[in-house]
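All residue numbers in this chain count up from 1 along the given sequence.
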Amino acid sequence: MSELSLSITGMACGGCVASVQSVLAALPGVALAEVTLEPPRARVVYDPAAVAPAALIQAVVDAGFGAQPG
């Protein structure tokens, strides 16, 4: 398993946090997705054989938020 930390933009409330967490957790290979509003970050534990970091970022972007490693 690998771990990726993402800086998330565009979240304003707990509903946003839940949306980002849900989108990440739904991806194949994701074992854990922890999202916080303050600071606006996501910690994702995933299987790199099943999902690429770019796909994790794209899922967040497709949900209407910004994401970048860090």
Looking at every non-hydrogen atom in both residues, tell me the closest pair between [X] and [Y] and how far apart they are.
{"X": "A33", "Y": "A25", "value": "CB-N, 4.1 Å"}
{"X": "G66", "Y": "V60", "value": "O-CG1, 4.0 Å"}
{"X": "V35", "Y": "V17", "value": "O-CG1, 3.4 Å"}
{"X": "T9", "Y": "F65", "value": "O-CB, 3.4 Å"}
{"X": "A55", "Y": "V51", "value": "CB-CG2, 3.8 Å"}
{"X": "A59", "Y": "L27", "value": "CB-CD1, 3.8 Å"}

From [X] atom [atom1] to [Y] atom [atom2], the distance as rounded to the nearest 0.5 Å:
{"X": "R43", "Y": "S5", "atom1": "CZ", "atom2": "OG", "result": "9.0 Å"}
{"X": "L32", "Y": "L24", "atom1": "CG", "atom2": "CG", "result": "10.0 Å"}
{"X": "C16", "Y": "Q21", "atom1": "SG", "atom2": "CD", "result": "13.0 Å"}
{"X": "D62", "Y": "I57", "atom1": "CG", "atom2": "CD1", "result": "12.0 Å"}

Does a side-chain heavy-atom distance below 4.5 Å link [X] with [Y]?
{"X": "L56", "Y": "V30", "result": "yes"}
{"X": "V44", "Y": "P53", "result": "no"}
{"X": "M11", "Y": "V20", "result": "yes"}

| request: Return yes if some donor-acceptor pair links the side-chain N/O of S22 with the main-chain N/O of A18 below 3.5 Å, else return no. | output: no
| Does one hydrophobic cluster hold both L4 and M1, with members joined at side-chain heavy-atom distances below 4.5 Å? |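 Different hydrophobic clusters.
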| With ILVMFWY side chains joined below 4.5 Å, transitively, what does V23's cluster contain besides itself? | none
